[in-house]
Amino acid sequence: MSSDRITPRTLKGFRDFLPAAMMQREQIIDTAKQVYRSFGYAPIDTPALEYLEILTGKGSDETDRQMYRFEDAGGRQVGMRFDLTVPLARYCAQHINELGTPFKRYHIAPVWRGENTHRGRYREFMQCDFDTIGSQSLVTDIEVAVVIHELLNQIGISDFTLRINNRQVLNGLLEQLGLRDQATPILRALDKLAKTDAETVMEEMTRQSTATTEQAAKILSLVQVTGTNGEILDQLEKLADGHEATLEGIEALRHVIEGTQAAGVAQDALVLDVSIARGLDYYTGTIYETFLNALPQIGSVCSGGRYDNLTGVYTKQELPGVGASLGLDRLLAAMEELGLLQGHRTPAKLLVTFFDRDRLSDYLKICTALRRRGLAVELFPEPKKLGQQLKYANRQGFEYALIAGTQEFEGQRCQIKDLSTGESHNVDLDEQCEQLANWLQSHSPTPASEHAG
RNA sequence: GUGGCUGUAGCUUAAUCGGUAGAGCAUCAGAUUGUGGUUCUGAGGGUUGGGGGUUCGAGUCCCCUCAGCCACCCCA
């Protein structure tokens with residue numbers, strides 16, 4: 001009999017979340033929502049499953065290969081979304097007449113990619129996208145950088161670098177060298193510059209594309225321009241040699257950098273990096289990548305860019321846009337490694353102990369009154385020994401425990417024990433628990449205890 | 001998907017040339033029944049990720065498989 005039992009397990013790259021982990025996830029999601037909303041982005045959602053033809057051929061061959069696909073019970077060829085941008089494109093092509101432009105939306109949802117797993121890389125993971133559709137104004141490019149900056153700050157991360165670049169600059173420089181049609185292999189090689197040395201990159205460039213050694217060297221010299229953002233722009237301008245598209249890209253970068261500074265982003269938090277080339281093929285303007293300074297090797301935790309024509313494959317109407325995506329799971333993996341996570345297991349602030357077995361109705365009444373005043377409270381379900389109840393309260397991460405027995409009820413008060421300090425406070429118990437609620441609300445949450453989930 | 005490394009109770013881990021698994025933490029229960037996170041005692045929990053093979057005998061050797069990590073690739 002027992003040998004017939006099924007081993008409980010999850011698929012490679014798919015995970016369960018315990019309450020302590022889920023609390024962290026929800027906290028970041030809530031923060032993202034609040035930041036996106038503060039800029040006027042509105043929520044949307046789309047189905048997890050789409051017709052296969054909607055999804056294929058929109059990213060790269062690689063994303064097609066990684067997509068989960070199957071035939072549904074009705075014989076339809078379907079695929080699971082591998083990002084939120086392609087569904088957004090379909091969504092806009094379908095609804096833009098009802099929406100109008102500029103259309104600002106955020107979308108927080110899981111996506112699926114059947115690729116090999118890694119630290120911070122899963123087959124089911126959550127993306128927190130925000131985009132502005134239908135505007136070519138650089139104001140929207142500026143806003144994306146400001147949102148990313150604000151988002152990470154609100155999450156509680158200050159030690160990060162937001163790197164930006166512009167595809168027009170890269171493409172323009174390649175065009176000057178007559179290598180425009182070699183952009184993909186060259187940019188792919190270039191992208192490895194952060195991981196390896198210039199020689200290796202040059203070698204790959206000449207091997208994977210038609211570029212000569214001289215051309216490869218030129219590209220690297222262009223990309224390795226150093227200095228402050230302003231100095232880099234000035235130097236690039238000279239190197240552009242009057243090439244129109246390149247100069248346009250440089251001007252765009254200048255605007256974005258100046259704009260973000262005007263918006264209050266510290267100068268050193270935004271770095272112009274001509275070597276970042278990544279991002280999906282559909283990016284055409286500004287591109288963004290965000291690295292945690294303490295853990296750059298985990299990759300970008302928030303990336304995005306501008307695209308000229310989101311909906312081209314679905315409709316004649318051209319819709320430009322710009323946006324970025326926070327990689328929630330990668331960020332959490334990084335935060336866990338960096339010890340930035342706290343270990344609360346309960347969303348409730350107060351545990352009402354079931355102390356006197358004859359006073360259940362009083363405890364229930366107190367809980368209801370407090371909840372009606374907006375406090376999250378939990379009643380311990382059994383009249384166990386107080387020590388055990390307090391142990392539970394401590395383990396779950398409650399901030400306070402309410403203790404009330406005959407002595408307290410006779411004096412029309414209760415005992416509130418601060419679980420982080422061990423101190424007890426006597427608080428009056430009126431009919432509607434008004435004083436108690438006020439007491440709890442006026443005592444700011446104690447800093448999270450050290451024990452991490 | 002390709003190549004490499006790893007896999008012992010919930011977690012961290014011990015086991016000498018192959019001789020049938022030990023511990024710490026955690027959990028649960030107690031220590032003359034109103035106070036936890038720092039004591040003491042006890043208990044549960046492992047067919048050593050799973051399957052097969054070699055052997056008198058395998059956690060230890062071989063093969064397959066699953067999962068994790070690293071590199072490539074790609075990306076959040």
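Summarising the local packing, CD of A/E431 is surrounded by 12 or fewer heavy atoms from other residues, nucleotides or ligands at distances under 6.0 Å. Crowding of A/K12 atom NZ: a count of heavy atoms from other residues, nucleotides or ligands under 6.0 Å exceeding 12. By the 6.0 Å contact criterion, CG on A/D16 is open, its count of non-hydrogen atoms from other residues, nucleotides or ligands being 12 or less.
For the pair A/R359 CZ and B/rG34 P, the interatomic distance rounds to 16 Å; values are reported in whole Å. Residue A/D358 contributes atom CG, which lies 15 Å from atom C1' of B/rG34 at whole-angstrom precision. The distance between atom CZ of A/F398 and atom C1' of B/rU35, rounded to the nearest whole Å, is 16 Å.
Looking at A/K104 and A/E143, a side-chain N of the basic residue comes within less than 4.0 Å of a carboxylate O on the acidic one, giving a salt bridge. A salt bridge does not link A/R69 to A/D64: none of the charged side-chain nitrogens sits closer than 4.0 Å to a carboxylate oxygen. Contact check on A/R105 versus A/D129 returns a salt bridge, with a Lys/Arg side-chain nitrogen under 4.0 Å from an Asp/Glu carboxylate oxygen.
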What does the list of N/O pairs under 3.5 Å between the protein and nucleotides 66-68 of chain B look like, with a distance for each?
unit_1 : atom_1 : unit_2 : atom_2 : d
B/rA67 : OP1    : A/K12  : N      : 3.2
B/rG68 : OP1    : A/G13  : N      : 3.1
B/rG68 : OP2    : A/K12  : NZ     : 3.4
B/rG68 : OP2    : A/T117 : OG1    : 3.4

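Within 4.0 Å (heavy atoms only), A/G422 reaches at least one base atom of the nucleic acid. If you check every strand for non-hydrogen atoms under 4.0 Å, A/E124 touches nothing. Within 4.0 Å (heavy atoms only), A/Y392 reaches no atom of the nucleic acid at all. Looking at heavy-atom distances under 4.0 Å, A/L419 makes contact with a base. Among the protein residues, A/Q389 comes within range of no part of the nucleic acid, since none of its heavy atoms lies under 4.0 Å from any strand.
A close approach under 4.0 Å does not occur between any side-chain nitrogen or oxygen of A/R65 and OP1 or OP2 of B/rC75. The side chain of A/Q66 places no N or O atom within less than 4.0 Å of a non-bridging phosphate oxygen (OP1 or OP2) of B/rC73.
At a cut-off of 3.5 angstrom, counting only N and O atoms as typed in the model, there is a donor on one side and an acceptor on the other between the side-chain of A/K417 and the base of B/rU35. For A/Q388 against B/rG36, a side-chain-to-base donor-acceptor contact under 3.5 Å is absent. For A/E115 and B/rA76, a side-chain-to-base donor-acceptor distance below 3.5 Å is present, hydrogens and geometry of angles not being considered.
Residue pairs meeting the ring-ring contact (aromatic ring centres under 6.0 Å, His included) criterion with at least one member in residues 27-51 of chain A, sequence neighbours excluded, are A/Y36-A/Y106, A/Y36-A/F130, A/Y41-A/F130.
For B/rG46 and B/rU13, the C1' atoms lie 14 Å apart once the distance is rounded to whole Å. With both ends at atom P, the span from B/rC11 to B/rG53 equals 29 Å, rounded to whole Å. If you take atom P in B/rG7 and the same atom in B/rA15, they sit 12 Å apart, rounded to whole Å. A distance of about 35 Å separates the P atoms of B/rC66 and B/rA23, rounded to the whole Å. Using C1' as the reference atom, B/rU55 and B/rC61 are 10 Å apart when rounded to the nearest Å. Between B/rU16 and B/rC75, the two P atoms lie 47 Å apart (nearest whole Å). The separation of B/rC62 from B/rC17, taken at their P atoms, amounts to 15 Å, rounded to a whole angstrom. As rounded to the nearest Å, B/rG18 and B/rG30 have P atoms that lie 48 Å from one another.
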Working note: A/T31 + A/Q154, criterion side chain to side chain donor-acceptor pair (under 3.5 Å); need CA distance, chi angles, decisive distance, verdict.
CA-CA 7 Å; A/T31 304; A/Q154 289 295 319; over 6 Å; no
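Between A/K385 and A/S325, the residue whose closest nucleotide on RNA chain B is further toward the 5' end is A/K385. Residues A/N116 and A/S303 both approach RNA chain B. Their nearest nucleotides, taken by heavy-atom distance, put A/N116 toward the 5′ side.
Smallest separation of non-hydrogen atoms from A/T353 and A/L402: OG1-O, 2.7 Å.
In this pair, A/F398 and A/Y392 present their aromatic rings tilted. The plane angle is within the 30 to 60° band.
For A/K384, taking side-chain heavy atoms from C-beta onward, the closest of the listed nucleotides B/rA76, B/rA31, B/rA29 is B/rA29. Side-chain atoms of A/E408 lie closest to B/rG34 of the nucleotides B/rG34, B/rG36, B/rC73.
The residue from A/D131, A/T140, A/T286 that alone fulfils the side chain to side chain donor-acceptor pair (under 3.5 Å) condition with A/R306 is A/T140.
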Taking Watson-Crick and G-U wobble contacts under 3.5 angstrom, with | marking pairs to another strand and [ ] crossing pairs, the secondary structure of RNA chain B is written (((((((..((((........)))).(((((.......))))).....(((((.......))))))))))))....
